[in-house]
Amino acid sequence: MDVFGLVCVVLVCAAAAHGKPTLRKERVHHEPQLSSQAHEDNKSFQYDHEAFLGSEDAKTFDQLSPEESKDRLGKIVDRIDNNGDGYITTDELKAWIKRVQKRYVYENVAKVWADYDLNKDNKISWDEYKQATYGYYLANPEEFEDATDQFSFKKMLPRDERRFKTADLNGDLAADREEFTAFLHPEEFEHMKDIVIQETLEDIDKNGDGHVDADEYIADMFAHEDGGPEPDWVKTEREQFSDFRDLDKDGKMDRDEIRHWIMPQDYDHAQAEARHLVYESDQDKDQMLTKEEILENWNMFVGSQATNYGEDLTRNHDEL
């Protein structure tokens, strides 16, 4: 294998291991279900426990005494109260649930953090990321002149820089963990969604007209190499494009239609669960929860040895 081939393999493997942001496989992003359990509060609070703590962490509270369960819940409540005013709002509870359900995203960032934080200052600058990811290319650009578009680092570098700067909310060209998470997983952050749409358009729009037509849409998922008939599923996708993707029936998708396709407005499970927990625990009906109100209704939020449907915290909750 020549040097160029070896470098491509190494960089592609690194991209897979590190969640390389510019190489996307799945276009459509759906919000995950909060729990695999049925939402049946008259029988158990399993759904609420998994929604509030995550399915993995929801298992440990089964092994805790009621006293320890409530003690840990109290510490969690302090973390949910972002502004420290002593009240948990629906928005704060929703944000907590969404973060818990996306723990895998933060765990992914934690695994690769040291690979990019070269000076160990607990931030990743654009220069650090560029050096770690593109250092060999920048030092040996002549070896990449014949790269295909898919692995064209000349195109990937400015694309990554644009995404990095969008994720860098304070504009200091150094990403903290939240900003770097937004960079690696832009589909999970509201302020990054325009970038996701732009990158999708750039990937699929081969004729450069700023739209995605039916042939470009199909070509993104099916390579018609042998000249034979299209499989039935491709014909179905063409019908999907005509019936559901091309909303204004002009034969192509614009940015708004692309957004509708790859970021469908799913039912907001986290919002619904946050409202449910507030409604069930809000004793004075002020539409907010105090720590006391949550602890009074603690077994809706967490389980313990004393419950028959326990499920909560497999790891110490300080990890959240």
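Start at 1 with the first residue, then count along the sequence. Remember, it's a predicted structure, so these values are computed and weren't measured experimentally.
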Test of understanding: clusters of I, L, V, M, F, W, Y form through side-chain heavy atoms closer than 4.5 Å, transitively. Do Tyr87 and Ile80 belong to the same one? no
Can you label the angle between the Tyr137 ring and the Tyr134 ring as parallel, tilted or perpendicular, going by 30° and 60°? perpendicular
Got Glu293 and Asp284 here, is their nearest side-chain heavy-atom distance under 4.5 Å? yes
For Phe244 together with Trp261, are the ring centres under 6.0 Å from each other? no
Decide yes or no on side-chain contact (heavy atoms from CB on, under 4.5 Å) for Ile124 and Arg177, but give the supporting numbers first. CA-CA 8 Å; Ile124 296 172; Arg177 287 182 183 264; over 6 Å; no
Does the side chain of Thr89 reach to within under 4.5 Å of the side chain of Leu289, using non-hydrogen atoms? no
Are Glu161 and Lys130 ion-paired here, with the side-chain N under 4.0 Å from a carboxylate O? no
Taking all non-hydrogen atoms of both residues, which atom of Thr166 and which atom of Leu169 are closest, and how far apart? O-CD2, 4.0 Å
With sequence neighbours excluded, what pairs up with Thr90 under the side-chain contact (heavy atoms from CB on, under 4.5 Å) test? Gln271, Ala274, Arg275, Val278
Hey, does the side chain of Asn297 reach the backbone of Met300 with a donor-acceptor pair shorter than 3.5 angstrom? no
Closer than 4.0 angstrom, basic N to acidic O: yes or no for Arg72 and Glu68? yes
Heavy atoms, side chains only, cut-off 4.5 Å: are Glu237 and Asp220 in contact? no
Shared hydrophobic cluster, Met288 / Leu277 (ILVMFWY, side-chain heavy atoms < 4.5 Å): no
Once the angle between the rings of Tyr116 and Tyr129 is folded into 0 to 90°, is it parallel (under 30°), tilted (30 to 60°) or perpendicular (over 60°)? tilted
Kindly indicate whether the side chain of Arg159, heavy atoms from C-beta on, has any atom under 4.5 Å from the side chain of Glu202. yes
Give me the atom names and distance for the closest heavy-atom approach of Leu64 to Ser69. CB-OG, 3.5 Å
Any non-hydrogen side-chain atom of Phe52 less than 4.5 Å from a side-chain atom of Ile76? yes
Would you call Glu216 and Lys206 a salt bridge, using N to O less than 4.0 angstrom? no
Can you give me the closest heavy-atom contact between Ser281 and Phe301, atom names plus distance? OG-CE1, 3.4 Å
Test side-chain contact (heavy atoms from CB on, under 4.5 Å) applied to Met253 and Leu201, step by step: CA-CA 9 Å; Met253 287 193 290; Leu201 179 61; over 6 Å; no
Should Val234 and Phe241 be counted in the same cluster of Ile, Leu, Val, Met, Phe, Trp and Tyr side chains packed under 4.5 Å apart? yes
The test is side-chain contact (heavy atoms from CB on, under 4.5 Å); show your working for Asp48 and His276 and say whether it passes. CA-CA 9 Å; Asp48 301 300; His276 169 67; 3.3 Å; yes
Looking at Asp172 and Lys123, is there a salt bridge between them, counting it only when a charged N and a carboxylate O are closer than 4.0 Å? yes
Provide the closest heavy-atom pair for Arg162 versus Gln198 in the form atom of the first, atom of the second, distance. NH1-CG, 3.8 Å
Side chain to side chain, Gln287 and Tyr279, heavy atoms closer than 4.5 Å: no
What orientation do His191 and Phe189 show, parallel under 30°, tilted 30 to 60°, or perpendicular over 60°? perpendicular
Check the pair Asp215, Lys252 against salt bridge (charged side-chain N to carboxylate O under 4.0 Å, His left out), reporting the backbone distance first and the verdict last. CA-CA 9 Å; Asp215 289 338; Lys252 55 192 176 183; over 6 Å; no
Using side-chain contact (heavy atoms from CB on, under 4.5 Å), reason through Leu184 and Val112 one step at a time and then give a plain yes or no. CA-CA 10 Å; Leu184 290 184; Val112 303; 4.0 Å; yes
Would Tyr47 and Glu273 count as a side-chain hydrogen bond (donor to acceptor under 3.5 Å, both in side chains) if you check the C-alpha gap in whole Å, the side-chain angles of each, and the deciding distance to 0.1 Å? CA-CA 9 Å; Tyr47 181 100; Glu273 178 64 10; 5.0 Å; no
Go through the steps for His211 and Asp205 under the test side-chain hydrogen bond (donor to acceptor under 3.5 Å, both in side chains), then give the verdict. CA-CA 6 Å; His211 295 82; Asp205 176 26; over 6 Å; no
Is it true that atom CD of Gln283 has more than 12 heavy atoms of other residues, nucleotides or ligands lying nearer than 6.0 Å? yes
If you define the side chain from C-beta out and look only at heavy atoms, does anything of Arg103 sit under 4.5 Å from Glu107? yes
Applying side-chain contact (heavy atoms from CB on, under 4.5 Å), name anything that partners Asp78, two or more places apart in sequence or on another chain. Lys291
Minimal heavy-atom distance between His185 and Val105, with the atoms involved, is CD2-CG1, 3.4 Å
Looking at side-chain heavy atoms only, is the closest gap between Arg259 and Lys193 below 4.5 Å? yes
Treat each ILVMFWY residue as a node, draw an edge where side-chain heavy atoms are under 4.5 Å apart, and state whether Val100 and Leu73 are in one component. yes
Show your reasoning for whether side-chain hydrogen bond (donor to acceptor under 3.5 Å, both in side chains) applies to Arg99 and Tyr106. CA-CA 9 Å; Arg99 185 179 180 89; Tyr106 293 94; 3.2 Å; yes
Of all the heavy-atom pairs spanning Val77 and Ile88, show the shortest one and how long it is. O-CD1, 3.7 Å
